[in-house]
2 protein chains.
Amino acid sequence: MTVLADTSLEPHRLTSAQRVLSILGVFDTENLALSLSEISRRTGLTLSTTHRLLNELRCWGALSRHSDGKYSIGLRILELGTLAPQGGQLREIALPFLHDLQHATHGNIHLAVPEGHDVIYVESLRARDTVPVPSRLGGRWPMHATCTGLVLLANSSQEFQEEVLSSKLRQYTVNTLTDPDALRHSLAEVRKSSVAVMESQLTYDVMAVAVPIRGPRDRVVAAVGITVPSGSIAPHSLVPAMAATARSISRALGAPSAVAEPPAQRPPAHWQAREVKRASFTRPSGPR
Amino acid sequence: MTVLADTSLEPHRLTSAQRVLSILGVFDTENLALSLSEISRRTGLTLSTTHRLLNELRCWGALSRHSDGKYSIGLRILELGTLAPQGGQLREIALPFLHDLQHATHGNIHLAVPEGHDVIYVESLRARDTVPVPSRLGGRWPMHATCTGLVLLANSSQEFQEEVLSSKLRQYTVNTLTDPDALRHSLAEVRKSSVAVMESQLTYDVMAVAVPIRGPRDRVVAAVGITVPSGSIAPHSLVPAMAATARSISRALGAPSAVAEPPAQRPPAHWQAREVKRASFTRPSGPR
DNA sequence: AAAAAGCCTTCCGCTATGCGGAAGTCGGGC
DNA sequence: GCCCGACTTCCGCATAGCGGAAGGCTTTTT
């Protein structure tokens with residue numbers, strides 16, 4: 001179809017829908033509020049066009065305008081976003097189990113789904129009394145550098161895996177795997193064991209474990225991940241709790257392999273109530 | 001500006017931006033996935049136009065398409081939504097305090113912000129082991145029928161209050177206040193005491209308490225609410241914990257009135273660790 | 001089996017649409 | 001005072017994109 005990425009050297013050939021979307025697209029974690037002229041510059045649209053579109057978006061509720069004249073994403077978008085089946089719906093079902101998991105392990109818990117070459121966190125529970133962890137609800141990170149991403153990638157089609165492996169893989173820490181062969185090896189292991197373990201591949205001093213969540217027809221639809229300070233706990237000791245959580249959620253989603261014996265019940269809440277030491281998490285340079 | 005609400009009896013005079021937005025607008029909690037022709041019918045756009053726009057939206061990631069051909073809201077919208085300052089940002093700051101509050105009270109906790117005549121829940125923590133409560137993240141409910149809404153309305157401009165009071169106020173239960181005078185009285189009390197208490201005004205057998213959260217310049221920017229089964233606990237016994245939580249969050253947001261004495265610290269986690277009896281929550285007929 | 005009714009997709013010509021230049025307004029800094 | 005930047009409004013022209021119509025495909029009806 002039409003290519004959206006327009007380096008805009010030539011006079012912008014954009015459809016009007018693309019113009020609207022390009023305005024929404026200029027907002028990101030570093031640009032939460034932008035003025036008319038900033039938006040105009042960043043989109044490459046003329047002032048008058050930008051002005052008119054901003055008004056239409058604001059009337060509808062997609063954007064809101066502050067007293068200083070700047071625009072931000074509006075609540076209507078937040079509201080809409082929760083209607084995404086892989087987002088709001090999944091989150092709704094998984095949340096109680098994730099809470100249990102957090103109680104049991106005291107780690108930072110993520111629920112991730114694939115989107116393009118990235119994962120999106122549709123839930124992020126941070127551990128009480130721990131330093132901020134680089135993962136927000138709605139956050140986007142590349143698959144190859146996240147534990148949940150590795151799980152999702154390992155369960156994707158061969159074709160998609162190669163597509164991702166042949167793209168430019170950013171190096172976040174000295175541990176980040178960017179070599180296709182090393183990654184292929186990793187993926188094979190994850191596929192075999194149904195668990196991914198990572199050590200400081202996205203940020204330093206963090207250990208992560210992730211497992212797949214399956215839905216109808218046993219397709220992998222999401223991944224649960226946990227991150228804890230490096231060295232605070234042995235990775236494999238987290239696996240039983242993670243596996244049980246994943247199974248509970250998969251069962252609630254109707255995954256055939258998880259629907260068995262006893263009718264759906266929440267797992268007991270006392271697997272691993274072990275204390276986790278604090279550690280300093282460092283914030284990486286940013287997604288994408 | 002341009003009136004968006006178009007009863008579409010006359011041939012649709014829509015701008016192209018409105019066409020795009022009207023497509024996004026057809027999705028709601030009851031319509032999470034729609035086919036091309038359903039969307040075409042509901043928007044009043046022709047098939048060909050709808051078809052083209054759906055493709056553009058899908059390419060950008062605003063919509064996703066399933067194997068059965070139906071369209072849903074895409075993750076890109078979820079991602080965008082978290083950039084709303086009153087949403088993602090506020091949530092991020094408030095979450096730890098809300099968690100503490102939930103631990104202490106075992107109730108269902110909400111964080112609500114105003115949007116039009118409604119409130120939007122930007123966070124919703126449901127109590128462990130309680131029956132589902134009618135409030136999702138991203139949910140929208142009228143101000144006059146929710147406890148958090150009452151708090152927000154009481155702290156709005158006189159002008160806005162009258163605007164809301166003179167609109168059609170839906171009756172959800174026999175307790176729902178729909179009489180403007182009764183509401184004015186309620187609002188005055190809330191303003192004076194900085195607390196709202198409700199008994200089964202949105203759904204039956206539920207008691208709710210809510211308090212305001214203030215931001216820079218001490219403006220009320222949000223409200224925290226708690227809902228518990230009716231009769232499980234005395235409303236006023238919840239107030240200290242609620243007030244402390246609101247104060248902590250307000251302080252974190254930089255509210256002058258909350259920045260005082262000791263530098264920001266989390267409140268102790270053992271105010272009210274009292275057990276709450278279960279109760280059956282009933283789902284109301286739906287928002288709007 | 002044939003026909004009818006849906007759904008989705010593609011094509012193309014006409015014109016209503018909405019684009020962008022330019023002029024007007026407001027406010028702040030030097 | 002003047003200038004500069006940000007925002008708003010207006011209007012004529014060209015083209016973007018609208019919608020009718022037709023074609024392919026699947027499912028239901030008779």
Side-chain angles (χ1 to χ4, degrees), chain A residues 1-27 31-60 62-74, chain B residues 1-27 31-60 62-74:
Chain A
M1 307 292 148
T2 325
V3 176
L4 288 185
D6 170 276
T7 2
S8 59
L9 292 171
E10 28 167 301
H12 344 281
R13 304 283 87 208
L14 289 180
T15 68
S16 54
Q18 283 165 357
R19 272 183 269 258
V20 170
L21 295 173
S22 73
I23 287 186
L24 296 178
V26 299
F27 294 94
N31 298 282
L32 295 169
L34 294 165
S35 71
L36 166 62
S37 38
E38 284 170 320
I39 296 172
S40 168
R41 272 192 297 273
R42 291 165 149 268
T43 55
L45 303 174
T46 63
L47 261 184
S48 49
T49 299
T50 311
H51 182 253
R52 185 174 36 84
L53 292 179
L54 286 175
N55 263 331
E56 297 202 58
L57 287 165
R58 190 176 49 78
C59 286
W60 192 79
L63 297 179
S64 63
R65 191 163 196 193
H66 307 262
S67 44
D68 61 359
K70 293 196 170 185
Y71 296 85
S72 295
I73 296 294
Chain B
M1 304 293 145
T2 324
V3 175
L4 287 185
D6 171 277
T7 4
S8 60
L9 293 170
E10 29 167 296
H12 344 279
R13 302 283 90 206
L14 290 179
T15 69
S16 54
Q18 284 166 355
R19 272 183 270 261
V20 171
L21 295 173
S22 72
I23 288 184
L24 296 178
V26 300
F27 293 93
N31 298 282
L32 295 169
L34 294 165
S35 69
L36 166 63
S37 38
E38 284 170 320
I39 296 172
S40 167
R41 271 192 297 273
R42 290 165 150 269
T43 54
L45 303 174
T46 61
L47 263 184
S48 48
T49 298
T50 310
H51 182 254
R52 185 175 36 83
L53 291 179
L54 285 175
N55 263 332
E56 297 201 59
L57 287 166
R58 189 176 49 77
C59 286
W60 191 78
L63 297 178
S64 63
R65 192 164 195 193
H66 307 261
S67 43
D68 62 0
K70 293 195 170 185
Y71 296 84
S72 296
I73 296 295

Can you check the [X] [atom1] to [N] [atom2] distance for me, whole Å?
| X | N | atom1 | atom2 | answer |
| --- | --- | --- | --- | --- |
| A:Ile39 | D:dT8 | CD1 | C1' | 15 Å |
| B:Arg19 | C:dG18 | CZ | C1' | 10 Å |
| A:Glu56 | C:dT17 | CD | C1' | 11 Å |
| B:Leu47 | D:dA22 | CG | C1' | 13 Å |
| A:Tyr71 | D:dA6 | OH | C1' | 11 Å |
| A:Asn55 | C:dG18 | CG | P | 15 Å |
| B:Ile23 | D:dG17 | CD1 | P | 13 Å |
| B:Leu45 | D:dG20 | CG | C1' | 15 Å |

Evaluate the side-chain contact (heavy atoms from CB on, under 4.5 Å) criterion for residues A:Phe27 and A:Leu63: first the C-alpha distance (whole Å), next the side-chain angles of each, then the deciding distance (0.1 Å), finally the verdict.
CA-CA 10 Å; A:Phe27 294 94; A:Leu63 297 179; 3.8 Å; yes
A:Ser72: partners by side chain to side chain contact (heavy atoms under 4.5 Å, CB included), with sequence neighbours left out:
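In terms of side chain to side chain contact (heavy atoms under 4.5 Å, CB included), with neighbours along the sequence ignored, A:Ser72 is linked to A:Ala33, A:Ser64, A:His66, B:Pro85.
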Got a sec, which residues hit side chain to side chain contact (heavy atoms under 4.5 Å, CB included) with A:Ser48, two or more places apart in sequence or on another chain?
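Side chain to side chain contact (heavy atoms under 4.5 Å, CB included) check on A:Ser48 returns A:Thr46.
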Closer than 3.5 angstrom, by distance alone: can the side chain of A:Ser40 be matched with the main-chain N or O of A:Leu36 as a donor-acceptor pair?
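Checking the backbone N and O of A:Leu36 against the side chain of A:Ser40, no donor-acceptor pair under 3.5 Å is found.
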Just to confirm, is there a sub-4.0 Å distance from OP1 or OP2 of [N] to any side-chain nitrogen or oxygen of [X]?
| X | N | value |
| --- | --- | --- |
| B:Ser48 | D:dG19 | no |
| A:Ser16 | D:dA16 | no |
| A:Thr15 | D:dA16 | no |
| B:Arg41 | C:dG6 | no |
| A:His51 | D:dT8 | yes |
| A:Arg65 | D:dC7 | no |

What are the two closest non-hydrogen atoms of A:Glu56 and B:Leu21, and how far apart are they?
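Nearest pair, atom of A:Glu56 first, then B:Leu21: O-CD1, 4.0 Å.
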Students often get this wrong, so: under 4.0 angstrom with heavy atoms, is B:Ser37 touching a base, only sugar-phosphate, or nothing?
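Contact class for B:Ser37: sugar-phosphate only.
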